[in-house]
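Below is one structure, written out as structure tokens; the observations come after it.
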Protein chains: 2
Amino acid sequence: MDRIDRKLLNLLQRDASRTNAHMAEEVGLSPSSCLRRIRRLRQVGVIDRIVAILNPAKAGRRLRAVVTVELKLHGEPNTRQFLELAAREEAVTQAHAVTGEVDAILMLRLRDMEEYDALCHRLFQGRTNVARYWTMMVIRTAKDETAIPLE
Amino acid sequence: MDRIDRKLLNLLQRDASRTNAHMAEEVGLSPSSCLRRIRRLRQVGVIDRIVAILNPAKAGRRLRAVVTVELKLHGEPNTRQFLELAAREEAVTQAHAVTGEVDAILMLRLRDMEEYDALCHRLFQGRTNVARYWTMMVIRTAKDETAIPLE
DNA sequence: CTCAGCGTGCAATAAAATTGCACGGATGCG
DNA sequence: CGCATCCGTGCAATTTTATTGCACGCTGAG
């Protein structure tokens with residue numbers, strides 16, 4: 001992992017749709033060397049995958065929310081069980097166990113409030129292990145990066 | 001946006017590195033038609049961009065955290081100013097203004113606690129507009145999707 | 001029923017990725 | 001200090017893939 005690798009990864013994290021020849025030029029390498037480096041980065045797993053990022057509004061998911069969750073029964077097996085339940089929900093894009101005043105945190109992508117309501121019923125009400133939960137609806141997003149900063 | 005478009009988008013959201021011919025086969029279309037559909041989806045902006053997703057551990061960012069922030073001065077211009085400050089930080093991957101008990105929420109990708117410490121000093125201490133903040137370190141991630149579910 | 005419009009498949013063409021090969025700098029060893 | 005080895009590189013040939021022009025068929029409107 002030298003300077004050229006990091007440069008390549010930064011390019012790929014912003015736009016992986018460019019041609020190999022184009023990226024080779026950006027980093028000052030021949031197309032073949034560039035290709036071999038990228039292949040190696042995928043091989044060793046630094047690059048996990050290449051994906052398309054959709055426009056949420058145009059994909060019909062305008063609403064975004066963060067929910068912190070306090071469980072009734074804490075501890076490993078209970079937390080795990082809740083997270084697995086949450087992870088099965090389409091609208092849940094991220095599910096984490098966390099330190100702090102709550103046990104878990106969920107990131108949601110919602111079509112509308114109706115979907116939010118239905119999700120709350122399934123995950124937080126009824127016979128679930130949830131003691132309390134706090135919802136923060138996203139008003140405005142100033143930054144939203146999939147890229148991981150490199151040294 | 002018909003059933004084939006959604007199928008294509010779902011494929012692309014998981015793996016955009018496949019060849020066009022391969023995806024055409026998956027959705028039951030000829031390569032040319034498939035290509036024209038994908039091009040159209042990019043054209044109209046449903047597909048925002050194609051990016052590489054790195055393995056955080058192998059990229060040297062093992063630590064992940066969520067920070068909720070309460071500001072001293074609330075209201076639009078103050079919130080905006082804080083978010084812009086936060087957005088300039090490399091380690092901040094997401095910065096949102098939210099409803100609820102706090103004003104903003106940040107998602108962090110950290111190398112180590114030293115970086116966390118330094119970030120807190122810059123964003124939360126000194127002459128900033130932050131009244132209080134709560135950090136939730138991610139212990140375990142059960143789900144982490146970039147994909148947006150389609151109808 | 002007829003016609004226009006749109007999306008499709010096929011085949012040809014253009015572009016891009018991939019590979020084999022030889023060179024050159026860096027490293028380790030005598 | 002010189003020599004051999006190894007790794008990454010660039011070039012050119014080859015293979016694979018994307019792209020385009022064109023004609024067909026389905027669908028809906030008149």
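Residue numbers start from 1 in every chain, and the chains themselves are labelled A, B, ... in the order their sequence lines are given, proteins ahead of strands.
If you check every strand for non-hydrogen atoms under 4.0 Å, B/T19 touches sugar and phosphate atoms only. Residue contacts for B/R36: at a heavy-atom cut-off of 4.0 Å it reaches a base atom on one of the strands shown.
We find that A/R132 and A/E101 are not joined by a salt bridge, their nearest charged nitrogen and carboxylate oxygen being 4.0 Å or further apart. Ion pairing between a basic and an acidic side chain is recognised when a charged N comes within 4.0 Å of a carboxylate O; B/R111 and B/E90 show no such pairing. Salt-bridge annotation for A/D112 and A/R62: absent, with no side-chain N of the basic residue lying under 4.0 Å from a carboxylate O of the acidic one. A salt bridge links A/D5 with A/R40: the closest approach of a Lys/Arg side-chain nitrogen to an acidic carboxylate oxygen falls below 4.0 angstrom.
For the pair A/N20 CG and D/dT17 C1', the computed distance is 13 Å after rounding to whole Å. To the nearest angstrom, C1' of D/dT9 lies 14 Å from CZ of A/R39. Counting to the nearest Å, the C1' atom of D/dT27 and the CG atom of B/D2 are 14 Å from each other. When rounded to the nearest whole Å, the span between CG of A/L35 and P of C/dT18 equals 5 Å. Here the C1' atom of nucleotide C/dA15 and the CE atom of A/M23 are 15 Å apart, to the nearest Å. Across the protein-nucleic acid pair, A/E25 atom CD and C/dA17 atom P stand 13 Å apart, rounded to whole Å. Look at CD1 on B/I38: it is 14 Å from P on D/dT17, rounded to the nearest Å. For A/I4 and D/dC7, the CD1 to P distance is 18 Å, given to the nearest whole Å.
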Let me see the working for B/E76 and A/R140 under side chain to side chain contact (heavy atoms under 4.5 Å, CB included), right down to the final yes or no. CA-CA 10 Å; B/E76 175 45 33; A/R140 200 166 65 80; 4.3 Å; yes
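Donor-acceptor pairing under 3.5 Å, judged by distance alone, is absent between the side chain of B/S33 and the base of C/dG7. For B/R40 and C/dG7, a side-chain-to-base donor-acceptor distance below 3.5 Å is absent, hydrogens and geometry of angles not being considered.
Looking at the side chain of A/R37, the nearest of the listed nucleotides C/dT18, D/dC22, D/dT9 is D/dT9. Which of D/dT19, D/dG10, D/dT20 sits closest to the side chain of A/S30 comes down to D/dG10. Among C/dT8, D/dT20, D/dG8, the nucleotide with an atom closest to any side-chain atom of B/L29 is C/dT8.
Side-chain N/O atoms of B/R18 include none lying less than 4.0 angstrom from OP1 or OP2 on D/dT17.
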